[in-house]
2 protein chains.
Amino acid sequence: MRSKPATIKEIAQLLKISISTVSRALHDHPSIGLTTRQKVKKLASELNYEPNQTAIFLQQGRTLTIGVILPELSEAFFSSAISAIEDCAYKRNYTVLLAQSHDDEQKEKQLVEKMKNHRVDGLLVSVSKNTSSYQHFENLRQYDIPIVFFDRIPAMQNIHYVACNMEIGTIDAVSYLLKKGHRSIGMINGPATLSASGERKEGYIKAMIKNRLKFDPSLIVSCDLTETSTQAALDELLASKRKPTAIVTFNDYVALFAIKHATNLKLKINEDLEFVSYANLPLINYMESIPAASVEQFPYLQGQKAADILLDLLAQKHQGVTEQTAYYKIIIESQLVENSSMTGFKSK
Amino acid sequence: MRSKPATIKEIAQLLKISISTVSRALHDHPSIGLTTRQKVKKLASELNYEPNQTAIFLQQGRTLTIGVILPELSEAFFSSAISAIEDCAYKRNYTVLLAQSHDDEQKEKQLVEKMKNHRVDGLLVSVSKNTSSYQHFENLRQYDIPIVFFDRIPAMQNIHYVACNMEIGTIDAVSYLLKKGHRSIGMINGPATLSASGERKEGYIKAMIKNRLKFDPSLIVSCDLTETSTQAALDELLASKRKPTAIVTFNDYVALFAIKHATNLKLKINEDLEFVSYANLPLINYMESIPAASVEQFPYLQGQKAADILLDLLAQKHQGVTEQTAYYKIIIESQLVENSSMTGFKSK
DNA sequence: TAATGGTGCGCAAACGTTTGCCCGTTTTTT
DNA sequence: AAAAAACGGGCAAACGTTTGCGCACCATTA
């Protein structure tokens, strides 16, 4: 029974008509008579005919496929994003070619090449953490393969991207804590190399200004996102003159490390010490001691937007729009979410 | 600069030689002289030539692409598995076409069709929860597209699969609790419709027999995996005559619900009431009150095995092995892991 | 009646490769 | 010196589609 799939050619031979007629009949082309059209369709379904996409790809110069390159599939943020991307692609009849860079610049470059060879119509990329040169992305320009970056944006000119701005979320977070009566608010920030750290710091400062409070730089400490580094950061904050009663942490992992450490120090979470964090982890719902509030970054939404933009771009291109000079730069505002009611806010 | 990619044909014209010569030269075919070979390669790299994969696919009848269909990309288990699959595929020069069924039988069927049309060389599937008919998978047989199922296995004959057997892990889990001195051990199991529930129950019973203890059916209660249902199950257990001092829960979500509820009831976790669960969640590392031990299901390993099997199958097929009658049926034994030392056991 | 227009379909090129087969030189063998 | 072998390379088919163009036939119109 190991039959090769039926082709348009076989149908033509069996019906003793030409290949082109079969093709047109299957596409309901007006110039084909009703009777032949029906005959063709009948036989096609009898033979279980399905068009060979690879042939169509070759012929049309497009593959209805988008490539997605991101650092780590198993990270909650990205798996949520890819889930959204796949949903979007599916809705618009595209397929997703997936690859992970493992934050390795070399691999990222290879993947871009591979995607190009596979003739993906467009690319969705969240850049590897330690990618320093962006030539591999620039190269794609001359082949007219559009790229939309999301979340991790390279320092390039004239690119499409969607990212999440942490500043407002941070302002809200700090304001939230101020409103709750805290007067000394600490921040365990990430490494200065990440632009996200800058946004958080800016937000913190702006919140202080906005509330006519004075900014104490010693209340912002950095960590490299590891557990030990987080513990050290917390220790430093707790030892400072103006010992904070609330802390904003760079992300949920840091928050959990800090909460764990604080608990060991016999501090009561949300009483002695209150936390606000940035939501990377969906599972925070299931925990007992959690940050009182989180700044949601909407991974699902980011993936969705990015995919939609790319697909729009491709649709334009297919309709013959030659050259667009405008670039999509979508900033999704982060949003403070109180964690008791978080369930209703699930990004999906 | 919007240049279309260079083709083998252009190279041939520029060098005034034939297309076939160029092709062979690029493949280091012995029948091409050194000088022409070098000329060809030089020009090729100058023109930034890259072979058009879609053309090669059409010509060779294979795409070096495997399709992956699973229920939910954003679930930790699957995102871990897909991460492994992508790694394997990459190593063996394959690419991954990804799609999620959202546990919808109809969509799953469409996806199988789509994958077929895209001419994937093979398929990796974790079946949708409520798929009842498997015809869409059977159909692929006649097109000689191999499928390897993983984790969620359909009730079909003659299939390749890799799955995780919970029985041994459960025996170990119960034995572990017995060894710690518990004499009344409860189980919050999943719905009877899931085969995984059966395995867990079997394991529980066997552990009792093995330790020459009598099995009390009232200590096993079911829940539908929701929070409220879990609470009810726990209440039921706590109200039973032989109030358990330890509980085995169906998965980590259930464990967390139960732990939360128990905490509210002023029970001390791991003192008044000890938990053992099944590890679906990588994040359990970050929590304070966690099950004392977990039965690890190795999602990364499952994905890896499944991908390797599929790729082996494809390699065989490509080397002309006509018909294999043997089917891979890989059972990965689950393994009990004490959670303090869990970090070292990370599946990856 | 002759010109016009519509209808229904076929021819063949094109997409970019790979590869079996053939053929003309040169080199080696006997 | 003649035959055989090796070398280097070209021709063309094939993979399965889509689509511009051309053509024959029949039915209108003037």
Side-chain angles (χ1 to χ4, degrees), chain A residues 3-41 43-44 47-65 116-121 143-144 318 320, chain B residues 3-41 43-44 47-65 116-121 143-144 318 320:
Chain A
S3 56
K4 285 288 131 199
T7 73
I8 216 177
K9 199 173 178 179
E10 294 171 8
I11 299 185
Q13 287 173 345
L14 259 51
L15 256 40
K16 301 198 190 309
I17 58 178
S18 83
I19 295 182
S20 46
T21 302
V22 177
S23 173
R24 286 193 245 260
L26 291 172
H27 287 79
D28 288 318
H29 191 285
S31 88
I32 302 297
L34 182 61
T35 51
T36 38
R37 187 183 315 179
Q38 289 179 334
K39 270 197 300 186
V40 169
K41 289 197 175 179
L43 184 57
L47 294 180
N48 252 309
Y49 169 76
E50 290 286 345
N52 183 334
Q53 291 293 352
T54 63
I56 298 179
F57 297 158
L58 176 60
Q59 215 276 140
Q60 311 241 308
R62 54 183 222 151
T63 56
L64 293 180
T65 299
K116 191 183 79 185
N117 296 163
H118 269 256
R119 296 297 194 268
V120 295
D121 290 345
Y143 297 111
D144 221 5
H318 189 234
Chain B
S3 56
K4 286 288 131 199
T7 72
I8 217 177
K9 199 172 176 178
E10 294 171 9
I11 300 185
Q13 287 172 345
L14 286 164
L15 256 39
K16 300 198 191 309
I17 57 180
S18 84
I19 294 182
S20 45
T21 303
V22 176
S23 173
R24 286 193 245 260
L26 292 172
H27 287 79
D28 287 318
H29 191 285
S31 88
I32 302 298
L34 182 61
T35 50
T36 38
R37 186 183 317 180
Q38 288 179 334
K39 271 197 301 187
V40 169
K41 289 197 173 180
L43 184 57
L47 294 181
N48 253 311
Y49 169 77
E50 291 285 346
N52 183 333
Q53 292 292 352
T54 62
I56 299 179
F57 296 157
L58 176 61
Q59 214 277 136
Q60 313 240 309
R62 52 183 224 154
T63 56
L64 292 179
T65 300
K116 190 183 81 185
N117 296 164
H118 269 257
R119 296 298 194 267
V120 296
D121 290 344
Y143 297 112
D144 220 5
H318 189 233

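We use all heavy atoms of the structure for the numbers below, so side chains are in, but hydrogens, waters and symmetry mates are not. So that the names make sense, note that chain A is the first sequence line, chain B the second, and so on, each numbered from 1.
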Which is true for [X] with a 4.0 Å heavy-atom rule: it touches a base, it touches only sugar-phosphate, or it touches nothing?
X       : answer
A:Ile56 : sugar-phosphate
A:Ile17 : sugar-phosphate
A:Thr54 : nothing
A:Thr7  : sugar-phosphate
B:Gly33 : sugar-phosphate

Could you pull out the closest heavy-atom pair between [X] and [Y], with the gap in Å?
X        : Y       : value
B:Tyr49  : B:Ile8  : CE1-N, 3.6 Å
B:Pro51  : B:Ile56 : CB-CD1, 3.8 Å
A:Val120 : A:Thr63 : CA-OG1, 3.7 Å

Please evaluate the base of C:dG10 for a donor-acceptor partner in the side chain of A:Arg24 within a cut-off of under 3.5 Å?
->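 Side chain to base: pair found, below 3.5 Å.
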Hey, does the side-chain of B:Ser20 have a donor or acceptor N/O within less than 3.5 Å of a partner on the base of D:dC11?
->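 For B:Ser20, whose side chain was compared with the base of D:dC11, there is a donor-acceptor pair (under 3.5 Å).
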Rounded to whole Å, how long is the line connecting atom [atom1] of [X] with atom [atom2] of [N]?
X       : N      : atom1 : atom2 : value
A:Arg62 : D:dT17 : CZ    : P     : 17 Å
A:Ile8  : C:dA12 : CD1   : C1'   : 15 Å
B:Leu15 : D:dG8  : CG    : P     : 17 Å
B:Phe57 : D:dC15 : CZ    : P     : 19 Å
A:Leu58 : C:dA13 : CG    : P     : 17 Å
B:Ile19 : D:dC11 : CD1   : P     : 10 Å
B:Ile32 : D:dG10 : CD1   : P     : 7 Å
A:Gln53 : D:dT17 : CD    : P     : 10 Å

How about A:Arg119 and B:Gln53: do any of their side-chain heavy atoms sit closer than 4.5 Å?
->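 Sidechains of B:Gln53 and A:Arg119: no contact.
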Would you say A:Thr65 and B:His118 make side-chain contact, with heavy atoms under 4.5 Å?
->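 They are in side-chain contact.
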Taking for each residue the nucleotide of DNA chain D bearing the nearest heavy atom, is the 5' side occupied by B:Ser31 or by A:Glu50?
->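 Per heavy-atom nearest nucleotide, the more 5' residue is B:Ser31.
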Does a sphere of radius 6.0 Å around NE2 in B:His29 hold more than 12 heavy atoms from other residues, nucleotides or ligands, not counting ones at 6.0 Å or beyond?
->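 Yes.
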With respect to the phosphate group of [N], does any side-chain polar atom (N or O) of [X] fall under 4.0 Å of OP1 or OP2?
X       : N      : value
B:Ser18 : D:dG10 : yes
A:Lys9  : D:dA14 : no
A:Thr36 : C:dC9  : yes
B:Ser23 : C:dT18 : yes
A:His27 : D:dT18 : yes

